[in-house]
Each structure stands twice: as C-alpha cells, then as structure tokens.
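Quick notes on the structure that follows.
The basis for the numbers below is simple: all heavy atoms, side chains too, and nothing from hydrogens, waters or symmetry mates. The chains referred to below are lettered A, B, ... by the order of the sequence lines, with proteins before strands, and numbering in each begins at 1.
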Amino acid sequence: MQKNEKIRLFYGIFLGIFTVVIGALFIFEAADLYYSGLAETGHATGMYSRGEVASRLKALLAPLLIWVAAVIAGGVLFARFPAAGIKRRTDAHSAFFRLKRRAPRFEGGELGVMSARLALAEKIRFAVWACAAAFCAAAAVMSALYVFDAANFPGDSLNGEILKMLGGVLPWLGAAFAAVAACTACEAVYAKKMLPAVKKLVAAGRGMPPEPSVWERGRAAGAGLLRDPRVIAGVRIAVFAAAVTLIAVGAASGEARVMWVKAINICTECIGLG
Amino acid sequence: MGKFFGKIRNWWSRHKPTKRRLIQLYAALLTNANIKGFFSGDIYAGGAKYFCVPGLNCYSCPGAAGACPLGALQNALTQSKTSTPYYILGILVLFGILLGRTICGFLCPIGLGQELLYKIKTPKLRKSRYTRILSYLKYVILIVFVIAIPVIYGLIDRTVPAFCKYICPAGTFGGALGLLINPANHGLYEMLGPLFTWKFCLMIAICTASVFIFRAFCRFLCPLGAIYSFFNRIALLGVKVDRDSCTDCGLCVSHCKMDVKHVGDHECINCGECISVCPAKAISWKGGKLFVRPNETPVLAEGPEEPVRPLGALLSDPSAGSAAEETPETAPEAPSEAEVAEESAAEPAPAARKKRGRRFWMQFAAWTAALALLAGALVYYNFIDRPEVVYGNEEGNVCPDFTLPVLQGGGETFTLSARRGKVVILNFWTTYCDPCKKEIPYFEQIANEYEGEVVVAIVHGTDVIEDVPSFIRDTMGWGDYTSYFLQDTQEERTYLTLGGRSTWPMTVILDKEGVIRLVRQGETSYEFLRTQVEGLLGH
C-alpha cells in the first residue's frame with residue numbers, strides 16, 4: 001500500500017471510530033438525563049430545566065470540539081495526501097445482466113447448449129423471484145391487516161399502540177427483507193457462474209439480434225410506451241392539469257387556510273415536546 | 001509567495017463548491033429566510049406559510065419561511081374523515097411533475113446536511129444490492145406513518161402526525177433544538193420527556209450514519225423522497241439517457257452513490273454527477289420542454305465525436321469478471337475550457353460568439369434573478385413582515401382583566417374580574433391539537449370536584465378552522481360541563497397577553513387575588529392540577 005493510502009486509511013478509521021464514540025456519548029447523555037429525571041421525581045420534570053440541560057451538555061463540549069478539530073485535520077490531511085485516483089468497482093452481477101441483454105440465442109453445438117442452460121437458469125431465476133415476491137406480498141397483506149384495522153388503535157395509549165404496531169409489523173418486514181436478500185445473494189452466485197458463458201455467447205453472436213428473456217421483453221414493452229414522446233407529453237399535461245385542479249379546489253374549500261393555521265403554530269409533538 | 005498563492009489557487013480549483021452545492025445552500029437559506037426567528041425564539045406566522053416549500057423543512061423551525069409538505073399532508077389526512085386533502089395533494093403532485101427528485105438533489109436542506117456530513121473523511125459504507133432492498137423501507141414508512149396512522153387516528157378524532165412525531169429528524173433539529181437554544185423558550189424544557197429523548201437519539205443516529213452512508217435518511221427513511229420518486233421518470237426536470245448512444249458500460253450506475261439501477265429511475269436524485277462520467281455522452285439534462293426531444297448536449301458535442309467504449313473492450317475487460325476492486329484509474333474528466341474552446345473553434349466564429357454571448361446573458365439574468373429573490377426574501381421576512389406579538393405577565397403579576405364570549409351559547413360573556421375570590425384555571429387549546437383534547441377532561445374533573453372554589457375556563461385560540469361548539473358537542477361528545485368554554489378574540493388576544501408562544505396547550509393558574517401563579521406550556525395531568533389547586537386553596 002502506498003504511503004498516501006496508508007495515512008488516509010488509518011486516519012479515516014480513527015475518525016470513524018471517534019465519530020461513533022461522539023454519537024454514542026450524545027445518545028448516552030440524553031438517555032441518562034431522561035432516566036435520572038424519572039428516578040428522582042417519578043416524572044421527567046424538574047430535571048429538564050435549561051440550566052440542568054446546559055450543564056450536562058457542557059460535559060460533552062470538550063470531546064465535541066476535539067472531534068471538530070479532528071474533522072478539520074482530516075480535511076487538511078486528505079488534501080495534503082491525495083488519493084492516487086478514483087477506484088471504479090465493477091462486479092460480476094452487474095456485468096452479467098448488462099451482457100445478458102445482448103446475448104443471442106444459438107441452436108445446436110456448444111453454444112446451443114450454453115443458450116439452453118442460460119434459458120433454463122433464467123426460468124429458475126424467475127420462479128425463485130416469483131416466490132420471493134409472493135412472500136413479500138403475503139407479508140405486506142399481514143402487516144396491512146394489522147395496520148389498517150382501526151380496532152388496534154383505540155386511542156387510549158398512543159405510544160403503546162404504536163409500539164405494539166411495530167412489534168406486529170417488523171417481524172413481517174424483516175422476513176420479507178431476508179427473503180429478498182437471500183434471492184439477491186443466490187442471484188449473485190448464479191451471475192458469477194454464468195458470466196463466462198454469457199461472454200462467449202455475446203462474442204460469438206456479434207451482429208445477431210439478442211434474445212431477451214420473457215420479463216425483459218415485458219419490461220421493454222412497458223418502457224417503450226414511456227419512451228414515446230407523445231405518451232410522455234400526454235401524461236405530463238394530464239398530471240399538471242390534475243395538480244392545478246386539486247390546488248384550486250383545495251384553496252376554494254378553505255384548505256389553504258387550515259394548512260396555514262397549523263403551520264403557524266408549533267406542533268409540539270412533531271418536534272418531540274410532550 | 002507566488003508559489004503559495006499558486007497552491008491556494010490549485011486547492012480552490014479542486015475544492016470550490018459546485019453549482020449544485022451553491023444551489024443547495026441557496027435553497028436552504030431561502031427556505032429558512034426567517035433568520036430573526038432564531039434570535040426571538042418565535043416561529044414565522046405570516047402569510048407565506050400558505051405555501052409549502054418543496055423539501056423537508058419543519059414548519060416549527062424558527063427560521064422556516066413556508067409550510068412543510070409532509071407535515072401539512074399528515075395534518076390534512078387526520079381530517080380525512082370530514083374532508084379530502086386536495087390542496088396539499090395538488091401541491092405535492094405539482095412539485096413532483098415539475099421537479100421530481102431534483103428537489104432531493106438540489107433543494108432539500110436535509111439532503112444538504114447529509115452530504116456535508118458525508119464529506120467527513122472516514123471509511124464509507126458502499127451501496128450494494130442489499131442497500132437497494134433497504135431503500136424500499138421508505139415506501140413502508142410512507143404507507144404506515146404518513147398515511148395509515150394519521151387516517152386511522154383521524155377517524156377517532158385524534159391528531160397524530162406519526163412520521164413527524166416519531167421519526168422526522170428535521171423537526172428535532174430545526175424545530176426542537178432551534179427553539180430550545182433560545183432563552184425565551186425556557187418554558188419548553190418542561191415538555192421534554194421520553195418522546196424527545198427518543199427523537200433526539202434517533203436524530204444523532206441518523207447524523208452519525210450519514211457520516212458513513214451517503215444520504216442515509218434520504219435513501220432509507222424519507223417518505224417525501226418516496227412521494228417524489230413516483231414522478232421522477234415523467235418530471236419536466238431531471239437527467240435522461242439517450243438509449244441510442246448508451247453502450248451499457250454501467251459507469252454511471254457504479255459512479256452513482258444512490259441505489260439506482262438505471263439513471264433517472266425512482267432512486268435517482270438527479271444530481272447530474274453521472275453526466276460527466278458517461279464516456280458516450282449519453283446522459284444529459286431534461287430541459288423544461290413538454291415534449292421529449294432528441295439528446296441535446298452542450299456545445300462540446302458539436303465538435304468531433306468522442307469514440308465510445310466498444311463492446312469488445314467490455315467483453316475482454318478482465319475486471320468485469322471479478323468482484324475485486326480494479327486498479328485505480330482516473331475518472332473521465334469533463335473537457336477543459338481549452339478543449340471546449342478548441343472544439344467550438346471548428347464552428348464559424350460569429351455563430352459561436354453569438355451562442356456564447358447568449359448563454360452568458362441568460363446565466364447572468366438567472367443568477368441576478370435568484371440573488372434578487374433571496375435578498376428580497378431576507379428583507380421581507382426579517383424587516384417587513386413582522387407580525388405584532390404581545391408578551392408579558394410573568395408569574396407574580398396580576399393577570400390583566402379580559403372579557404370573552406362563552407361558547408356554550410346565549411350571548412353570555414365571561415369576565416375575569418368577576419371571578420375574584422376564587423382560584424381561576426385558564427387552559428388555552430385548539431381543536432387541531434391532540435394533547436389539548438386529551439387533557440380537557442382533567443380540567444372538567446377539577447371543575448366538578450372543586451365547584452364553588454375553582455373556576456375553570458377553557459379558551460380556544462383565535463385561529464379557528466371549524467365550528468368549535470359543534471366540535472365540542474358532536475366530535476368530542478362533551479355535553480353538560482361545569483367549565484366555561486370561551487373563544488379568544490383578536491381584540492383581547494388573551495393567549496398572547498399571557499405569554500403564549502404558538503404552543504398548545506397552555507395552562508395559566510391564578511390565585512384568589514388574580515395573581516398569576518403558574519404559566520405552563522404543554523400537557524398537564526390531573527395529579528399536577530390537583531396539587532396546584534390544593535396548594536392555592538390551602539388544603
């Protein structure tokens with residue numbers, strides 16, 4: 001590793017750790033202030049006078065200023081020891097999908113076998129993603145059944161109801177994320193395996209028309225519609241007209257004044273007060 | 001000495017702010033033009049808040065010059081039982097179709113803050129396919145926190161702007177901290193509690209994450225970006241790709257720090273940084289044109305065409321087969337002024353001069369108009385539009401007398417001086433304030449328990465958005481009550497006179513001699529009221 005890169009790397013790691021520590025200090029201080037108040041009085045009042053908060057923050061002032069100095073020093077250091085160049089990162093996954101769009105279909109011979117393998121692999125990939133999409137849809141439905149059921153929000157204990165909602169929805173969200181992440185990981189392995197074959201197909205098939213997969217064809221049809229200048233112009237005009245109409249109707253019905261009244265008052269809940 | 005200034009000049013040419021950064025700073029200043037608010041501790045309450053700013057900017061921030069579109073949308077959805085929010089929906093659709101996510105890239109102050117934090121020299125977390133999956137979380141937040149919860153609670157007459165209340169860092173940073181740092185708002189400290197602790201910790205976490213992850217909030221959490229993303233492809237302004245010139249080399253996507261799959265898709269913030277990276281010059285700005293025209297690249301493309309990266313090079317590129325990093329290479333740079341001049345010298349000189357001259361004057365006019373707008377806004381907000389506010393009457397002063405109409409009907413009025421000899425509790429509220437509605441039963445309970453010794457007057461603010469007696473009777477279901485429901489008037493301005501600072505609810509307790517004993521901002525509890533009353537009655 002070159003000297004410049006070493007300096008940048010080590011200083012960057014140091015500054016990264018320092019940043020996390022400063023953030024953690026602020027979070028710890030806020031939590032401590034809150035729990036101290038509760039512990040002493042049973043209600044978080046009294047501890048939150050301006051004087052008390054200011055004295056607590058003074059304790060954080062020194063590390064914060066040191067961090068700011070470290071940030072400025074980092075800027076100077078990185079200017080003094082510039083990077084050798086901009087690194088570009090390409091991966092097999094994106095290269096595979098870019099080339100696959102240009103791959104033609106062959107019949108017979110080694111290239112024909114490759115084409116058939118690619119077509120089969122695409123069908124399997126489509127099926128796996130369809131399953132993941134179905135799982136995500138099911139997770140969305142289960143979450144929506146909870147969220148859009150007004151009985152789950154009787155209004156007695158607002159924060160408690162929101163926490164309960166999170167408890168009900170987050171597992172489904174997490175499961176959907178895990179499903180999609182698993183499919184993505186499998187796809188990356190598949191792309192790396194099939195990339196050499198796709199490269200051969202593209203190199204051998206120069207001048208031949210590409211053979212897009214079923215969903216590439218479907219996507220291209222939709223995208224083609226959106227590339228037609230007349231369609232885009234029509235959509236823009238329609239949406240613009242709808243926007244102007246909505247604003248006019250809303251203003252005429254007094255909604256603008258309602259919005260103004262709320263905007264000129266401090267929404268204490270919105271800023272975390274109360 | 002010359003060498004030193006030369007080094008400074010070189011440093012400046014490498015680090016001077018880009019046009020986009022200047023526009024971001026300009027937009028941040030314009031949307032927070034009410035600078036006097038930071039010194040007075042008040043939020044702007046003038047007519048400009050009839051309009052929304054395009055980016056995320058909490059309207060409880062003392063500097064906010066306009067309304068926040070997301071806050072306005074949630075507040076409007078809480079009233080969806082009685083009305084459809086046409087106005088705010090129309091504003092969002094208008095911003096979307098005109099600008100799309102160019103708002104995120106150029107006009108949003110929160111985006112600017114995150115980009116500045118990202119410049120801190122630490123190791124960075126690169127985007128990946130997994131961050132792309134995570135980027136769909138903002139749509140979930142949009143559906144759940146911005147739409148579902150306000151609508152559902154609105155059906156039971158509770159005002160819950162859930163995203164603003166539980167997540168939005170703009171409210172914590174601009175609103176809460178902006179107000180709390182001013183000594184005039186010392187009363188707001190009483191309102192700090194678990195909600196503020198949660199929001200403060202979340203804000204710190206987002207700021208820390210933004211140092212390591214490019215635009216962490218925008219990519220994963222911001223529902224306003226999610227709304228504008230629906231319009232990104234059809235918006236009038238943004239970046240576009242000429243499919244005929246594009247060679248699918250993928251440099252634009254790999255250079256971009258957002259989770260884009262293609263330039264101009266729903267994750268693209270139209271920052272335009274991919275334009276100089278594209279070797280085929282296939283990316284350009286969409287103009288303000290209604291009809292899509294063929295790729296109109298600037299003057300440098302009118303010279304000899306640059307060779308595009310051939311497909312063969314892509315096929316034989318060994319780095320396209322591994323996930324390891326390539327050997328460092330210099331990114332393609334935008335042509336220097338000398339190269340542009342050389343290319344345009346190929347054109348007839350008078351035509352090129354005329355074109356340059358026209359471009360210069362157009363840019364000059366645009367910058368002049370922009371600076372005039374900013375200067376005008378700063379003068380207007382800070383020197384001209386100064387709503388009159390009346391403060392006074394600290395604890396220990398005798399409360400000034402007032403007469404207000406009683407909402408229970410019959411033309412009856414309530415005069416404070418007629419209640420001498422009794423403890424008087426004044427509670428200031430509004431129909432659109434959720435904590436206010438929640439605590440009013442506590443006042444009624446006190447009024448019933450201490451009838452004859454304590455008078456409770458519940459005063460609605462001067463700004464009324466619906467018929468208050470009907471609201472009390474039909475919506476809240478309050479029938480016979482001991483408390484007096486009053487309506488504050490522009491003539492008396494009781495709320496302002498007693499120190500109200502646009503915060504609801506506010507409770508003022510007077511002793512039997514009419515002296516102010518307590519002024520409290522924010523929600524109260526029954527136990528708190530009872531303790532105060534018992535103390536004043538000498539029980």
Side-chain angles (χ1 to χ4, degrees), chain A residues 12 15-16 19 23 26-27 30 34 44-45 48-50 71 74 78 84-91 94-95 98 147 150 153 155 180-181 184 195 199 203 229 232-233 235-236 239-240 243 246-247 249-251 255-256 258-274, chain B residues 45 49-50 59-60 67 72 75 86-87 89-90 93-94 97 120-123 129-130 133 144 148 152 156 158 164-165 171-172 175-176 186 189-193 195-197 199-201 204 208 211 234 248 250 290-292 315 319-320 323 325-326 328 330-331 435 463 465 502-503 522-523:
Chain A
L15 193 54
T19 303
F26 271 93
I27 290 173
Y34 169 66
T45 29
Y48 286 101
S49 66
R50 193 163 187 268
V71 168
F78 275 53
I86 298 170
K87 293 177 189 175
R88 293 276 169 255
R89 193 182 168 118
T90 56
D91 61 307
S94 52
R98 282 203 314 277
V147 171
F153 305 94
V180 177
T184 305
L195 182 62
K199 276 186 176 179
I232 294 178
V235 168
R236 283 172 172 169
V239 172
F240 186 81
L246 284 170
I247 290 172
V249 167
E255 277 175 47
V258 171
M259 189 184 85
W260 173 75
V261 166
K262 294 189 181 172
I264 62 170
N265 290 290
I266 296 171
C267 175
T268 53
E269 285 188 309
C270 298
I271 59 177
L273 305 183
Chain B
K49 280 192 169 172
Y50 275 99
Y59 51 60
S60 295
N75 276 308
Y86 297 115
Y87 184 68
L89 283 177
V93 172
L94 186 68
I97 191 62
I120 294 172
K121 307 296 181 194
T122 62
R129 276 172 179 75
Y130 305 102
I133 299 166
V144 174
I152 289 168
I156 53 170
R158 296 282 308 263
C164 296
K165 179 170 177 170
T172 318
H186 62 88
Y189 282 85
E190 293 175 0
M191 298 167 73
L192 298 182
L195 181 61
F196 181 77
T197 307
K199 287 205 75 185
F200 182 80
C201 293
I204 295 294
T208 309
V211 173
I234 57 170
D248 256 339
L290 208 56
F291 290 86
V292 173
L315 288 175
S319 64
E325 286 192 18
E326 297 177 344
T330 311
D463 295 310
I465 61 171
S502 307
T503 317
E523 215 176 322

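- Interface remark: of the candidates A:A150, A:A251, A:G74, A:A251 forms the most heavy-atom pairs closer than 4.5 Å to chain B.
- With hydrogens and angles disregarded, a donor-acceptor distance shorter than 3.5 Å links the side chain of A:R236 to the backbone of B:I234.
- In this structure, the side chains of B:I465 and A:K262 come closer than 4.5 Å at one or more pairs of heavy atoms.
- Using a 4.5 Å cut-off between heavy atoms, B:F200 contacts chain A through its side chain alone, with no backbone atom that close.
- Top candidate by heavy-atom pairs under 4.5 Å with chain A, chosen from B:T197, B:T172, B:T208, is B:T197.
- B:K199 meets the side-chain hydrogen bond (donor to acceptor under 3.5 Å, both in side chains) test with no other residue; sequence neighbours excluded.
- Ranked by heavy-atom pairs under 4.5 Å with chain B, the list A:V239, A:L15, A:T19, A:N265 is led by A:N265.
- Within the 3.5 Å criterion, the main-chain N or O of A:T184 finds no donor-acceptor partner in the side chain of B:R129.
- B:C164 is linked by a disulfide bond (SG atoms under 2.5 Å apart) to nothing, counting only residues two or more places apart in sequence or in another chain.
- Counting heavy-atom pairs under 4.5 Å between each of A:C267, A:A30, A:A256 and chain B puts A:A256 at the top.
- Of the two parts of B:L94, the backbone and the side chain both hold a non-hydrogen atom closer than 4.5 Å to a non-hydrogen atom of chain A.
- Proximity to chain B is limited to the side chain of A:F78, based on heavy atoms less than 4.5 angstrom apart.
- Heavy-atom pairs under 4.5 Å with chain A peak, among B:V211, B:L89, B:D463, at B:D463.
- A donor-acceptor pair under 3.5 Å is formed between the side chain of A:E255 and the backbone N or O of B:Y87.
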